[in-house]
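Source: prediction; values computed, not measured. Order of the sequence lines sets the chain letters (A, B, ...), proteins ahead of strands, with each chain counted from 1.
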2 protein chains.
Amino acid sequence: MADSLHDAIEARLEQAGNRYTRGRRRLIEVLLEAGRPLTVRELLERGERLSTSSVYRNLGVLEASRVLRQIPSVGDDGVRVELHEDLAGQHHHLDCSSCGQLIDIVLPAEVELALSRACRAVQRATGFRADGHRLELFGMCRSCQ
Amino acid sequence: MADSLHDAIEARLEQAGNRYTRGRRRLIEVLLEAGRPLTVRELLERGERLSTSSVYRNLGVLEASRVLRQIPSVGDDGVRVELHEDLAGQHHHLDCSSCGQLIDIVLPAEVELALSRACRAVQRATGFRADGHRLELFGMCRSCQ
DNA sequence: CTACGTGCAAACGGTTTGCACTAGA
DNA sequence: TCTAGTGCAAACCGTTTGCACGTAG
């Protein structure tokens with residue numbers, strides 16, 4: 001599956017003047033295998049031959065090349081990382097307050113539509129140029145209840 | 001205005017077995033005066049006689065007593081703090097990618113309604129018990145454009 | 001050859017903690 | 001009086017950086 005995904009990633013990197021090196025590919029593959037946002041710690045644990053500093057540097061490069069996205073978190077386990085929405089499809093997150101895990105969800109089209117309209121309304125009303133939005137539901141996942 | 005707000009805060013603290021001390025009151029007043037989410041650094045700069053460790057400890061207490069809320073951020077300036085939604089009213093945030101500031105916004109009731117319905121739909125579909133939601137619009141504020 | 005990428009170890013900085021002291025009921 | 005709260009300084013830990021080496025083009 002998805003050699004085309006790697007091709008798209010390489011294209012974005014090269015467009016930004018960067019290479020799709022082995023280390024960067026390993027990082028992406030760990031992320032794809034997980035199928036959910038991972039912390040840097042999780043990336044390092046799951047990936048072979050990933051070093052801390054290169055992971056952080058590559059997060060910067062991959063984010064600037066619009067391949068990845070960093071998700072802020074209140075917890076003490078640092079930033080989480082996922083594929084950019086252009087590559088992974090538009091989705092949002094459930095944030096379990098008990099186990100701290102993020103779970104991907106896709107909202108009904110009508111809700112996304114309402115959100116997009118709200119963004120444009122805010123833009124007209126406040127002058128804030130909204131490039132995107134993030135919705136997070138917090139609560140407790142099925143297995144933690 | 002809003003002695004009743006301080007009364008409500010005191011009630012919540014006492015319900016959780018804590019006191020509404022001077023330090024905690026000073027922290028709340030700095031936050032009220034700002035009228036937007038503040039970082040810990042900003043709290044310390046604006047407040048007289050606030051010490052780092054007490055601020056962090058009090059954030060924990062005030063959050064556990066449902067008086068405050070911490071907002072995660074990707075930036076390097078740490079967590080941001082605002083009044084709990086029960087006290088401040090339901091609202092969301094514009095996140096300027098240039099200056100990093102968070103701006104409060106209130107969404108049209110119809111959008112909030114759609115979001116609430118979406119939460120319940122997710123609950124039925126996935127078993128995730130959603131206690132609340134957070135929407136963030138990112139882009140660039142009027143003065144940074 | 002030359003610039004980009006990598007790994008190690010040290011530095012950095014936001015947050016937490018140990019401990020002695022203070023204040024509120 | 002007695003427990004909760006506070007301030008200082010040190011510890012902690014996620015993240016960044018300097019530097020020497022490796023690698024792709």
Side-chain angles (χ1 to χ4, degrees), chain A residues 6-7 9-30 37-65 67-81 100 102, chain B residues 6-7 9-30 37-65 67-81 100 102:
Chain A
H6 288 291
D7 291 345
I9 290 170
E10 184 162 25
R12 288 182 178 219
L13 279 165
E14 291 182 348
Q15 191 176 348
N18 300 299
R19 300 173 189 155
Y20 197 21
T21 61
R22 291 167 188 175
R24 289 172 187 169
R25 187 163 181 129
R26 283 199 292 270
L27 196 162
I28 295 290
E29 277 165 355
V30 172
L38 295 182
T39 62
V40 171
R41 167 185 293 273
E42 289 170 328
L43 277 171
L44 289 168
E45 283 168 355
R46 291 161 181 238
E48 301 293 320
R49 287 176 301 153
L50 291 178
S51 81
T52 310
S53 56
S54 290
V55 165
Y56 279 109
R57 274 190 282 238
N58 283 334
L59 293 188
V61 170
L62 291 163
E63 188 172 31
S65 308
V67 172
L68 294 185
R69 226 168 150 196
Q70 293 185 233
I71 308 166
S73 83
V74 262
D76 53 353
D77 44 3
V79 165
R80 280 164 207 274
V81 184
L102 290 192
Chain B
H6 288 291
D7 291 346
I9 290 170
E10 184 162 25
R12 288 183 178 217
L13 278 165
E14 289 182 349
Q15 191 176 347
N18 301 299
R19 302 173 188 157
Y20 197 21
T21 60
R22 291 165 188 179
R24 289 171 187 170
R25 188 162 181 130
R26 283 198 292 269
L27 196 162
I28 295 290
E29 277 166 355
V30 172
L38 295 182
T39 62
V40 172
R41 169 185 292 273
E42 289 170 327
L43 278 171
L44 290 168
E45 283 168 357
R46 292 162 180 239
E48 301 294 322
R49 287 176 300 154
L50 291 178
S51 82
T52 310
S53 55
S54 291
V55 165
Y56 280 109
R57 275 191 280 238
N58 284 333
L59 293 189
V61 170
L62 291 163
E63 188 172 31
S65 309
V67 171
L68 294 185
R69 226 166 147 197
Q70 293 186 230
I71 309 167
S73 83
V74 262
D76 52 353
D77 45 3
V79 165
R80 280 164 206 275
V81 185
L102 290 192

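Across every non-hydrogen atom of Arg80(A) and Gly100(A), the tightest pair is NH2-O, 2.9 Å.
Neither OP1 nor OP2 of dG5(C) sits under 4.0 Å from any side-chain N or O of Thr21(A). One finds no side-chain N or O of Arg19(A) lying less than 4.0 angstrom from the OP1 or OP2 phosphate oxygen of dG25(D). Side-chain N/O atoms of Ser54(B) include one lying less than 4.0 angstrom from OP1 or OP2 on dG7(D).
Put simply, CZ on Arg25(B) is 19 Å from C1' on dT6(D), counting in whole angstrom units. Between the C1' atom of dC13(D) and the CG atom of Leu44(A) lies a distance of 14 Å, rounded to the nearest Å. In this structure, CG of Leu43(A) is placed 14 Å from P of dG14(D), rounded to the nearest angstrom. With rounding to whole Å, Arg57(B) atom CZ is found 10 Å from dG18(C) atom P. As a whole-Å value, the separation of Gln70(B) CD from dT16(C) C1' is 13 Å. Atom CD of Glu10(B) and atom P of dA4(D) are 17 Å apart (whole Å). Atom CZ of Arg49(B) is separated from atom P of dC8(D) by 12 Å (rounded to the nearest Å). Distance, Leu27(A) CG to dT6(C) C1': 13 Å, rounded to whole Å.
Among the protein residues, Asp77(A) comes within range of no part of the nucleic acid, since none of its heavy atoms lies under 4.0 Å from any strand. Residue contacts shown for Arg24(A) are limited to sugar-phosphate atoms, with no base heavy atom under 4.0 Å away. Within the 4.0 angstrom heavy-atom criterion, only backbone atoms of the sugar-phosphate kind lie near Arg22(B); the bases stay farther away. Using a 4.0 Å heavy-atom distance criterion, Val79(B) is classed as a sugar-phosphate-only contact.
Taking CD of Glu29(B) as the start and NE2 of His6(B) as the end, the distance is 4.5 Å to the nearest 0.5 Å. Taking CZ of Arg41(A) as the start and OG1 of Thr52(A) as the end, the distance is 10.0 Å to the nearest 0.5 Å.
When each of Gly17(A) and Arg41(B) is assigned the nucleotide of DNA chain C with its nearest heavy atom, Gly17(A) is the one assigned upstream, toward the 5' end.
Scanning atom types as modelled, no donor and acceptor separated by under 3.5 angstrom connect the side chain of Thr52(A) and the base of dC8(C). On a pure distance criterion of 3.5 Å, no polar donor-acceptor pair joins the side chain of Ser51(B) and the base of dC8(D).
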Test Leu50(B) against Leu44(B) for side-chain contact (heavy atoms from CB on, under 4.5 Å), laying out the working first. CA-CA 6 Å; Leu50(B) 291 178; Leu44(B) 290 168; 4.0 Å; yes
What's the verdict on side-chain contact (heavy atoms from CB on, under 4.5 Å) for Arg24(A) and Asn18(A), showing C-alpha distance, side-chain angles and the deciding distance? CA-CA 11 Å; Arg24(A) 289 172 187 169; Asn18(A) 300 299; 3.8 Å; yes
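For Asn58(B), whose side chain is taken as the heavy atoms from C-beta onward, the closest listed nucleotide among dT17(D), dT6(D), dA9(D) is dT6(D).
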